[in-house]
Amino acid sequence: MNWGSASEFFAMGGYGFYVWGSFGVTAAALLIEALLARKRLSDTRRLLRRELAADRDNQD
Amino acid sequence: MLRAHGLACDRGDRRLFSAVDLSVSPGEWLQVEGANGAGKTSLLRILAGLAPVAEGLIEWEGRPVAEVRDDYHARLLYLGHAPAIKEDLSALENLHTTAAVAGRPLDEATAMAALRRIGLKGREDLPARVLSQGQKRRVALARLLCSQARLWILDEPFVALDVAAVAQLCSILDDHLSRGGMLIFTSHQAVQLAGTGASLRLGTPPAPREGAA
Amino acid sequence: MSQRLINWFKFASPASFYPLAGTLWPWFAGLASVLCAVGLWISFFVAPTDFQQGEGYRIIFIHVPASWMSMFIYCVMAFWAAIGITFNTRLSGMMSSALAPTGALFAFLSLWTGALWGKPMWGAWWVWDARLTSELILFFLYIGYIALTSAIDDPRRADKAGAIVALVGVINVPIIYFSVKWWNTLHQGASVSMTKAPTMATTMLWGMLIMALAFWMYSIAIALYRVRAIILERERHATWVAELPEMQR
Amino acid sequence: MNAFLAIVRRDLLLAARRKSEVFTALFFFMIVVSLFPLGIGPESATLRRIAPGVLWVAALLAAMLSLNRLFAADHQDGTLEQMSLSPTPLALLVSGKVLAHWLTAGLPLVLLAPVLGLQFDLSARSLGILMISLLLGTPVLSLIGAIGAALTLGVRGGGVLLSLLVLPLYIPALIFGAGAVEADLAGLGAGGHLSLLGALLALGMFFAPWAATAALRIALE
């Protein structure tokens, strides 16, 4: 184990800003990308569902 | 001869037309009709090999066009909506270039004679920019006079022509047909041409494309 | 001949790939999470402190895998582009455009983490090092691809144009890398070489490999997920879309 | 071959009828190059150091100015359709257009560069190397540019997009071209750089017309 305490872990031997800046931004970027992809799929589905429902109503 | 079975054309996710059959033999003409947006230009572009077919087969002299593409293009003259006229070149230069690109360079005398016959006498060296709309069309049509192509595909050739020019174009087309040429064209007006002719009406209402896979 | 090809490319049909991608992506996402957890654990708790760079070197565990992924994804895009041009399959273009944003993101992350690593180690946010410079150009190539494909309205045309960009780019990537390297050695005095990596402990290598695998799985999962959205957007009028269970409500 | 020559001849004729376009690009090149000493200062040692890069970057931008129009007019007036229906392979006709583009947009830069190089206090030898590097490099710019021009044909915001696509691909030519002059200034031989530029040119001549043709076919569909 490299770390004696949590604060030591977060300080990263004085490099905390750089290390957490890297890992944090990476995690945030991947998370945002995943959320955007999910939004894109659900938006498309909602649009299509509405369109199809309207088509069905027209046929009835 | 040119023959096509079951042609279909898509634009975006809309089907413009489908199941179009046609055939043109030497000496025959085919007029493609239809409302605006029915796909007349698209059909002509497909037949000329400019646009891909969604479905169907086009045969030239009994063989699929895809296999004999070079031979087919060597025997084809296509005039589209855009007349391929450069505003900064003179009528004569325009004619020379288009002929050379089409693989049949012209000599000076032939080119001059063609321009004279089409009614551009004395305007051979004027830049196309100063010509009227109808005169520009004539520069494009002068290509017909020097063409050895068997098959002519003309998109709206009568547009922007006056009565005299229409009559003259008709006689050029008649000559072509009487030499055993083939002709496919679109026009909104009824045209009297020699030889056997047919008309093809594109008018299927646009339907959404189904079951695409 | 086409009959056999169609059988061969059965899954190249969007209609059958859509549900397949739907089944597959959670597995890849799960794998990505597990690998990521293991990778992070190695990065922070197993790998020892570097005697030269202290704890700062731990950025390597995402910097290097992100760079690898950005290059690898570009190659995969070029691969799909080649398939799309040769066999005229629709799915390949969709895969390329599903991958591009992820590739661009990894290129960006590689630059970002590179800057954050460079500042404490070499005293500058940016050095005109051969690797950083080529990564920057790769990022430009991604941006060019995305800009072009999103500027063309007709999706099939966009796919074909994108395929050409991807192929031209992939021919150019080694040329660019080589030229930048050459340029860099010519200007050796002006810049610091970042290529002198510290001698690597085995645990560090493992950490990097596992993180790379995690990114890889993530990329597959997100590409599969995104391609489903793209398939739906493009095939909206196909009957199979209307028959999908999620479209019934 | 006849059709190839006809295309080159026609494009040169068109350029001759529209001289202002050729000269605009040339003056752009001159002005950009002249701005650098004004921005950086007149010490000849500094100027000599930045000369290769400045001249090359300016040449690259000037060559790009005219790329927009490489296929646009032909696309609009239907000439491109006629070219693709020609029995001559489209790739050959495209090469003709690229050659004409280089003759009107690249070659004048090569000829003008040594005059501008004098502003930067370059020696006669370095000016020679600069000319050779531009002579080998500007055709590469036209070739790669043709791919970009074909891809952005009829696309919204095509002009900016074109630069976005093409500039990253220009980097190797820029590095080797400017590098050749720099190496000469530093007393190292420029031969290596020049032969690499030559290799780029050979590669470009082989691949670019093909890629540009494929892109044009997409625009024509």
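In what follows, chains carry the letters A, B, and so on, assigned in the order in which the sequence lines appear, proteins first and then strands, with residues in each chain numbered from 1.
Around atom CH2 of C/Trp206, no more than 12 heavy atoms belonging to other residues, nucleotides or ligands sit under 6.0 Å away. Counting non-hydrogen atoms of neighbouring residues, nucleotides and ligands closer than 6.0 angstrom, the CH2 atom of C/Trp126 exceeds 12 such neighbours.
Remark: the backbone N or O of A/Leu30 is paired with a side-chain donor or acceptor of C/Tyr218 at under 3.5 angstrom. Judged by distance alone, with hydrogens and angles left aside, the side-chain atoms of A/Arg49 form a donor-acceptor pair with the main-chain N or O of C/Glu246 at under 3.5 Å.
Shown here for A/Gly21 and C/Leu116, the closest heavy-atom pair between the two residues is C-CD1, 3.5 Å. Listed here is the closest heavy atom pair of C/Ile222 and A/Ala34: CD1-CA, 3.5 Å.
Heavy-atom pairs under 4.5 Å with chain A were tallied for C/Pro120, C/Ala66, C/Ala29, C/Ala98; the largest tally goes to C/Pro120. Ranked by non-hydrogen atom pairs under 4.5 Å with chain A, the options C/Ile230, C/Thr113, C/Leu244, C/Ile62 are led by C/Ile62.
By the 30° and 60° cut-offs, the orientation of the rings of A/Phe23 relative to C/Phe44 is tilted.
A/Tyr15 touches chain C through its side chain: at least one heavy atom from C-beta onward sits under 4.5 Å away, while N, CA, C and O do not. Interface remark: C/Leu109 contributes side-chain atoms only to the contact with chain A (heavy atom separation under 4.5 Å). With a 4.5 Å cut-off on non-hydrogen atoms, A/Arg46 does not touch chain C at all.
A distance of 7.0 Å separates CD of A/Glu33 from CZ of C/Phe106, quoted to the nearest 0.5 Å. Put simply, CG on C/Leu232 and CG on A/Asp43 are 12.0 Å apart, with the number rounded to the nearest 0.5 Å. With values rounded to the nearest 0.5 angstrom, A/Thr44 atom OG1 is found 4.0 Å from C/Glu233 atom CD.
Side-chain contact between C/Trp112 and A/Thr26 is absent, with no heavy-atom pair separated by less than 4.5 Å.
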